[in-house]
Amino acid sequence: MPFTPPDSMDLLTALSVPASQPRPTRVDVDLDAIEHNYNALQACSGVPVMAVLKANAYGHGIGVVAKHLAARGVSHFGVAYLEEALLIRALGITTPTLVFGGVVTEQIPDFLKHDIQLAASSVEKLEHINREASTLGVRAKVHLKIDTGMERIGTHYYSCGPLFDAAARCSDCDVVGIYSHLANADASDLAHAKLQVRRFEDCVSAATDRLGRQPTRHLANSAAILALDSAHYDLVRSGQALYGALPAAHLAGRVELKPAMQWQSKVVYFKVVKPGHPVSYGSTWVSDTNTRVVTVPVGYADGYPRSLSNRGEVVIRGKRYPVIGRVCMDQIMIDIGDGEAWNGDTVTLVGDDMPVSEVARNADTIAHDILSSISARVPRFYHRSGTPVSP
Ligand SMILES: *Cc1c(COP(=O)(O)O)cnc(C)c1O
């Protein structure tokens, strides 16, 4: 039976009216690389890895990545919003899935009807969840969310007693986890991360005393998997490293990560630009010699950051060339100088020879931002064992 995607999927996948030949700007996802990274992170931490699939699986495509990982027996998924978890359920995937974000009380029944795990970040939220579970006659699966130093969501580590009391009282909730989130695990100085670990330890002991058993403890993100063994506990959560992005340059070599994404386009135009003829909006780049310039059909509406204006680099025929002038909505210009490039040549924006961490640095941001910003206008293609996989 053909799979009918839910409405919300149109926003998350390729253009919904495909051409007979797709536009040359495309993302190719290597599912084997994701699996390789998954196994490497599991070996490094020695505990199960929660695969973080929020933000369209960091731009890789939540539907295909979820199906692939579920089929390989991945035991935990993490997402940011309820809707992302619902999409996973709509694909028939029953893998335990935690929504990290603050629970929106009106959405609690949706969580419960679809067996989606909730972050219990305050006494009030926990009691609300419990009441809804009782009304629906189901059990709510909650993870107690402690704030150990991020000041985002969660009960403060210094006043979490009442949360544990409430958890012990809530008769329709199963406390399946206790977790917190690190603010600085990618820093070379781990003092703050270690402080968060100590605060977390104290909260775990208090929760264990109060509940009479220890829930699954989880604290580490990708950076902490590589950098901080004491944060591994019973489960680790990985997003960027799962997709092959190195959390920080100083963590190179800890595990072998393979970039899962190649974001490429093709040269669609070639010309020679004369001196005194500025390139692109605002005329921010001018040559003082004749130079060869190619145009590539990708722009900020595809998620190619506008902050790469006069700062980005791409790879054509194995050589790096600069993005010149402003990044437009749909096109960028590349100065190839004395280099060679022909219409139809592949242009790598992000991939094996243009690591996302470097693109992120040029754009003054982080890999998460680059990957998750690649828009729905860019079609995704999937590969496994070197052969295409249909979405
Ligand atoms: C996004 C997120 C992660 C994953 O972070 P990475 O740095 O991509 O590994 C882990 N935990 C929580 C709570 C998150 O929001």
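Both ligands and their constituent atoms are indexed starting at 1 by order of listing.
- The pair Arg377-Asp330 counts as a salt bridge, with a side-chain nitrogen and a carboxylate oxygen less than 4.0 angstrom apart.
- Using bins of under 30°, 30° to 60° and over 60° for the plane-to-plane angle, the ring pair Tyr233/Phe200 lands in the perpendicular bin.
- Between Arg311 and Asp364 a salt bridge is recorded (basic side-chain N to carboxylate O distance below 4.0 Å).
- Checked by distance only, ligand 1 and Gly239 come closer than 3.5 Å through their nitrogen or oxygen atoms.
- Note: Leu69 CG to Thr95 OG1 = 8.5 Å, rounded to the nearest 0.5 Å.
- Nearest protein heavy-atom neighbour of atom 9 (O) of ligand 1: Ser222 OG, 2.5 Å.
- Among protein heavy atoms, the minimum distance from atom 7 (O) of ligand 1 is reached at His368 NE2, 3.1 Å.
- At the top of the distance list for atom 10 (C) of ligand 1, counting protein heavy atoms only, stands Arg237 NE, 3.5 Å.
- Here Arg152 has side-chain heavy atoms under 4.0 Å from ligand 1, and that is the only part of it that gets that close.
- Nearest protein heavy-atom neighbour of atom 1 (C) of ligand 1: Lys54 NZ, 1.5 Å.
- Judged by a 6.0 Å distance limit and a 45° cone about the ring axis, Arg26 is positioned over the six-membered ring of Phe381.
- By the 30° and 60° cut-offs, the orientation of the rings of Tyr58 relative to His368 is tilted.
- Scanning the protein heavy atoms around atom 5 (O) of ligand 1, the nearest turns out to be Tyr58 OH, 3.6 Å.
- Not a single N or O atom of Ser238, backbone or side chain, sits closer than 3.5 Å to an N or O atom of ligand 1.
- A salt bridge links Arg320 to Glu313: one of the charged nitrogens lies within less than 4.0 Å of a carboxylate oxygen.
- Contacts of Gln240 with ligand 1, taken as heavy-atom pairs under 4.0 Å, involve both backbone and side chain.
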